[in-house]
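To keep things clear, I will list the structure first and then write my remarks on it.
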Amino acid sequence: MERTDDVAVVHDLSKQYGTRWALDEVAFTVSQGEVFGLLGPNGAGKTTLLECLTGLRKPTSGTVRVLGEDPATPRSALRSMVAVQPQEATLFPQLSVRETVELWASFYPEPDDIDDVLARVGLLEEAHQRVKVLSGGQSRRLLLAVTVVGRPRVLLLDEPAAGLDPQAKEHLWDVVRQQRASGGTVLLSTHDMHEAAELCDRVAVLVEGRIAACDTPGRLVSELAALSTVTFTAPRETDLSAVASFPGVTAVDSTEVAGESVRVRVRTAVGDQTLKRIAGDESLVAADLDIDKGGLGDVFRSLAGDSAQRDGTAAQQKGGRS
Ligand SMILES: Nc1ncnc2c1ncn2[C@@H]1O[C@H](COP(=O)(O)OP(=O)(O)OP(=O)(O)O)[C@@H](O)[C@H]1O
């Protein structure tokens, strides 16, 4: 049953292009005030899913509801409540940055303060510049400004950080956090695991059109980041063959550092146990021990597997059948 704070409800959504199933019985719910991330390798279906949420694509089967409405309904009231970052081609090259944001603000009943929006995306100093002279990154910031100026309840962003410099990314993240702080909701796709871990309350990992996992980044990491990495420094002549036979260890490699030493990297399914074993083994003379218990990147690799290696253009068979 839908709850009143459900902002997006996706039920058994499938989308077919010709013989290809881009989405295969996808289901999830996003609540008000959440930042919900879509992760997945190229061709996994993230854009198609966001397009179904904006009403740009009609599902082959299943249902999508945003703020209780079908986004594909013509003249939907959602238009003023849901913002989708537009394409660069929609900007007018002769207008200034400020005129552009003012134009977009005029489409909405209660727009935000223009200077405030320009400051948030880091374009206040460029307010008088013509759109045609903006750099690629500045244009992306302007697209973000026009997306948020209408104070939408829901923000839908497809890879918003692509092509942004680190400072512009910070601005983007601030805008997303501000949207959440003011009670708004954000759905975004990203290839950046750090961004997903930093920003998202929950993430869904899409693999070949299906949701392989959906949870908070913390829970996904603790349940699915299968391997930890233990690193240590040892004398160059150390026999490392014993380490490879420690329980849980799947790989050992080393690189020479400072002539007489090697830095050893051990991949293991039982990080803490391996760390103790290495520290307690006198024959290893291990120094500078460190452990990395993995992150969303490990979760992604373990779920996406081979699919992450492919370019995603292979035709997908619904339900994994061929
Ligand atoms: N208009 C279309 N016609 C035919 N096939 C399409 C169309 N749009 C997408 N596809 C196919 O659907 C699948 C999912 O594509 P989609 O763009 O949704 O993936 P994505 O996860 O956003 O990928 P990326 O990370 O590369 O942007 C791919 O196999 C793609 O080739």
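Counting starts at 1 for both ligands and their atoms, following the listed order.
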### Query
For the side-chain hydrogen bond (donor to acceptor under 3.5 Å, both in side chains) test, which of T233, T255, D288 pairs with R263?
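For R263, the side-chain hydrogen bond (donor to acceptor under 3.5 Å, both in side chains) check succeeds only for T233.
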### Message
Exactly one of E195, E198, Q178 should register a side-chain hydrogen bond (donor to acceptor under 3.5 Å, both in side chains) with W173. Which one does?
### Response
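With W173 as partner, side-chain hydrogen bond (donor to acceptor under 3.5 Å, both in side chains) holds for just one option, E195.
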### Message
Do K15 and V26 have side chains that approach each other closer than 4.5 Å (heavy atoms only, starting at C-beta)?
### Response
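The answer is no, as the side chains (C-beta and beyond) never meet within the 4.5 Å cut-off.
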Going by the atom numbers of ligand 1, which of them fall below 4.0 Å from some non-hydrogen atom of [X]?
X	answer
H191	25 (O)
A44	19 (O), 20 (P), 21 (O)
A22	12 (O), 13 (C), 14 (C)
N42	23 (O), 24 (P), 25 (O), 26 (O)
E159	25 (O), 27 (O)

### Task
Start with the C-alpha gap between R120 and D116, add the side-chain angles, then the distance that decides, and say whether salt bridge (Lys or Arg N to Asp or Glu O under 4.0 Å) holds.
CA-CA 6 Å; R120 266 190 275 152; D116 194 39; 3.7 Å; yes
### Task
Pick whichever of E208, K46, R20 has a heavy atom sitting closest to atom 21 (O) of ligand 1.
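Going through E208, K46, R20 one by one, K46 has the nearest heavy atom to atom 21 (O) of ligand 1.
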### Message
Nearest 0.5 angstrom please: C200 SG to L188 CG, how far?
### Response
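CG of L188 is found 4.5 Å from SG of C200.
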Going by heavy atoms, is [X] under 4.0 Å from ligand 1?
X	value
R57	yes
G40	no
K15	no

### Query
Going through the distances and angles, do R20 and E208 end up as a salt bridge (Lys or Arg N to Asp or Glu O under 4.0 Å)?
CA-CA 10 Å; R20 178 173 310 190; E208 298 186 350; over 6 Å; no
### Task
Evaluate the salt bridge (Lys or Arg N to Asp or Glu O under 4.0 Å) criterion for residues R180 and D201: first the C-alpha distance (whole Å), next the side-chain angles of each, then the deciding distance (0.1 Å), finally the verdict.
CA-CA 10 Å; R180 172 173 50 197; D201 299 303; 2.8 Å; yes
